[in-house]
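Here is the structure we will look at.
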Amino acid sequence: MTPPMTQLIAALPPLDEHHVDRRRHPHGVAFMDGQYLPMSEAKISVLDWGFLHSDATYDTVHVWNGRFFRLDLHLERFFRGIERLRMKLPYDREKIASILNNCVALSGHRSAYVEMICTRGSSPTFSRDPRQAENRFIAFAVPFGSVANKEQLERGLHVAISETVRIPPKSVDPAIKNYHWLDLVKGLYDAYDRGAETALIVDTNGHIAEGPGFNVFVVKEGSLRTPAYGVLPGITRRTVFDLCANIGLSATAADIGGAEIKGADEVFITSTAGGIMPVTRIDDAAIANGRVGPVTRRLMDLYWQKHDDPAWSTAVSYP
Ligand code: PLP
């Protein structure tokens, strides 16, 4: 059971930031401009380059049963993105980890979706020079969310392959996690038009790339493959590689064509928003016998087991 908010606040370390009363805002807690706020009050200026130009990077980590999953990898990817976009933050990794912890602790959620964002910000003189902008850090913790709902996790998702091309890596480096999602959202509408539940879009060579918020894997004759080019190197994707190494399954990153994915024995998608999620239908065809396959099930089980393992997860410090 979650302790009362007053206890939560009283037990938090004395920070310079203000704290909020969660009884008024159960949907989550944000941190910005040095303060913890209810989600409904976390707002940025319309002049922020993050809003006007998608000039931002972010990362999302989840908390499951009161533990962050692979927080170190998420922080590493976030800080690499900030550096490559030539942004600067006044906080180091430890401080950001403690802010994320406090957002979760203040929200009281045992399972949460936790986002850290760095935007270019805006310039006090409205300069068009990005070097003049004051970069902005925002974090928030909201209840855990998943790409696939409970029913879809049991029976597998129905995915459509859209011909929409993912923004090329030479334009926007996909290793810098970003909000360039117009291609992914177009893919989603294509999928809905065809009666599917979500989408995969293609890379500039016509191979399968990724979907709105997830990577994809195929299983063929016991070996796994995931696209290598033009995709975000997802932490869940990386976790699948690690799990495969643990149990002696072969997993490689290499091109996957449309015919190949439809002819796979099993297909699944991976995301912090839901973990490993089965796909049993692509366009009009069932994958194999249309049921969730044994490799997918085994990896799903292992993935969630690792959430209690201190080598893969860190406890949230709830007061
Ligand atoms: N691909 C894209 C475009 C994403 O936005 C995400 C996550 O949001 C992923 C893949 C999956 O990455 P991760 O496993 O780190 O959540």
Side-chain angles (χ1 to χ4, degrees), residues 54 60 62 113 142-168 174 177-221 224-232 234 236-237 240 254-301 303-304:
S54 274
T60 307
H62 69 219
Y113 183 85
V142 291
F144 182 81
S146 172
V147 173
N149 61 32
K150 193 166 177 290
E151 186 215 327
Q152 291 165 335
L153 286 172
E154 276 157 20
R155 64 150 157 91
L157 283 154
H158 177 190
V159 173
I161 300 175
S162 161
E163 279 156 21
T164 307
V165 175
R166 186 74 173 118
I167 194 165
K177 194 164 155 66
N178 63 71
Y179 293 121
H180 291 266
W181 268 50
L182 294 187
D183 44 9
L184 294 167
V185 173
K186 181 172 177 296
L188 263 183
Y189 275 96
D190 288 346
Y192 298 150
D193 288 346
R194 293 191 225 152
E197 292 160 329
T198 190
L200 282 166
I201 66 172
V202 295
D203 68 21
T204 41
N205 302 313
H207 298 122
I208 302 295
E210 60 186 343
F214 54 80
N215 295 112
V216 64
F217 280 82
V218 297
V219 184
K220 187 75 183 172
E221 287 157 12
L224 286 84
R225 196 187 312 177
T226 187
Y229 173 74
V231 300
L232 173 76
T236 324
R237 174 181 181 268
V240 168
D255 292 341
I256 300 172
E260 206 176 338
I261 196 169
K262 289 180 191 173
D265 298 334
E266 299 179 36
V267 177
F268 60 82
I269 60 170
T270 60
S271 173
T272 297
I276 297 171
M277 297 163 277
V279 172
T280 46
R281 192 169 189 83
I282 296 190
D283 293 336
D284 293 327
I287 299 301
N289 64 5
R291 302 234 171 90
V292 180
V295 175
T296 307
R297 276 199 196 286
R298 186 171 178 206
L299 289 169
M300 285 169 81
D301 287 349
Y303 174 80
W304 289 108

Checklist entry - Does the side chain to side chain contact (heavy atoms under 4.5 Å, CB included) test come out yes or no for V216 and V159, once each step is laid out? => result CA-CA 11 Å; V216 64; V159 173; over 6 Å; no
Checklist entry - Does atom CG of N205 have more than 12 heavy-atom neighbours, drawn from other residues, nucleotides or ligands, at distances under 6.0 Å? => result yes
Checklist entry - Would you say D265's side chain and A288's backbone share a donor-acceptor pair under 3.5 angstrom? => result no
Item to check | Check: L153 and P278 side chains under 4.5 Å, non-hydrogen atoms | outcome: yes
Checklist entry - Does a sphere of radius 6.0 Å around CD in E260 hold more than 12 heavy atoms from other residues, nucleotides or ligands, not counting ones at 6.0 Å or beyond? => result yes
Checklist entry - Is any side-chain heavy atom of E210 less than 4.5 Å from a side-chain heavy atom of P227? => result no
Checklist entry - About how many Å separate OG1 of T280 and CD1 of I287, when rounded to the nearest 0.5 Å? => result 8.0 Å
Item to check | Euclidean distance, I276 CD1 relative to M300 CE, rounded to 0.5 Å | outcome: 7.5 Å
Checklist entry - Between D190 and T164, which heavy-atom pair has the shortest distance, and what is it? => result OD2-OG1, 3.3 Å
Item to check | R155 CZ: over 12 foreign heavy atoms closer than 6.0 Å | outcome: yes
Checklist entry - Are any non-hydrogen side-chain atoms of T296 and F217 less than 4.5 angstrom apart? => result no
Next on the checklist: One pair to check against side chain to side chain contact (heavy atoms under 4.5 Å, CB included): E154 and V292. What are the steps and the verdict?
Outcome noted: CA-CA 8 Å; E154 276 157 20; V292 180; over 6 Å; no
Checklist entry - Looking at A191 and A199, what are the two nearest heavy atoms and their distance? => result CB-CB, 3.9 Å
Next on the checklist: Just verifying a value: how many Å separate T204 OG1 and R166 CZ, rounded to the nearest 0.5 Å?
Outcome noted: 12.0 Å
Next on the checklist: Taking the side chain as everything from C-beta on, heavy atoms only, tell me whether I201 gets closer than 4.5 Å to L184.
Outcome noted: yes
Checklist entry - For L200 and F214, what are the C-alpha separation, side-chain angles and deciding distance, and is it a side chain to side chain contact (heavy atoms under 4.5 Å, CB included)? => result CA-CA 9 Å; L200 282 166; F214 54 80; 3.8 Å; yes
Item to check | Side chain proximity check, S146 to Q152, heavy atoms < 4.5 angstrom | outcome: no
Item to check | F144 to T272 - nearest heavy-atom pair and separation | outcome: CE1-O, 3.9 Å
Next on the checklist: Which residues pass the ring pair (Phe, Tyr, Trp, His ring centres under 6.0 Å) test with Y179, not counting sequence neighbours?
Outcome noted: Y58
Checklist outcome for this item: The reported gap from CD1 in I161 to NZ in K262 (rounded to nearest 0.5 angstrom) is 5.0 Å
Next on the checklist: Please give me the minimum heavy-atom distance between A148 and L157, naming the atom from each residue.
Outcome noted: CB-CD1, 4.0 Å
Next on the checklist: Rounded to the nearest 0.5 Å, what separates atom CZ in R237 from atom CG in L224?
Outcome noted: 12.0 Å
Next on the checklist: Taking T236's backbone N and O only, do any of them form a donor-acceptor pair with T270's side chain (distance below 3.5 Å, no angle check)?
Outcome noted: no
Checklist entry - Going through the distances and angles, do I256 and R225 end up as a side chain to side chain contact (heavy atoms under 4.5 Å, CB included)? => result CA-CA 8 Å; I256 300 172; R225 196 187 312 177; 3.9 Å; yes
Checklist outcome for this item: In this structure, NZ of K177 is separated from OG1 of T60 (nearest 0.5 Å) by 4.5 Å
Next on the checklist: Tell me whether R297 is salt-bridged to D301, with the criterion being a basic N under 4.0 Å from an acidic carboxylate O.
Outcome noted: no
Checklist outcome for this item: What one should report as the nearest heavy-atom pair of G230 and P174 is C-CG, 3.9 Å
Item to check | Side chains of V165 and D203 in contact at under 4.5 Å (non-hydrogen atoms) | outcome: no
Next on the checklist: Any non-hydrogen side-chain atom of N178 less than 4.5 Å from a side-chain atom of S54?
Outcome noted: no
Checklist entry - Are the side chain of H158 and the backbone of D283 linked by a donor-acceptor contact shorter than 3.5 Å? => result yes
Checklist entry - Should the ring pair H62 and Y303 be called parallel, tilted or perpendicular, given that the plane angle runs from 0 to 90° and is split at 30 and 60? => result perpendicular
Item to check | Minimum-distance pair of heavy atoms, taken over all atoms of I167 and H180 | outcome: CD1-ND1, 4.3 Å
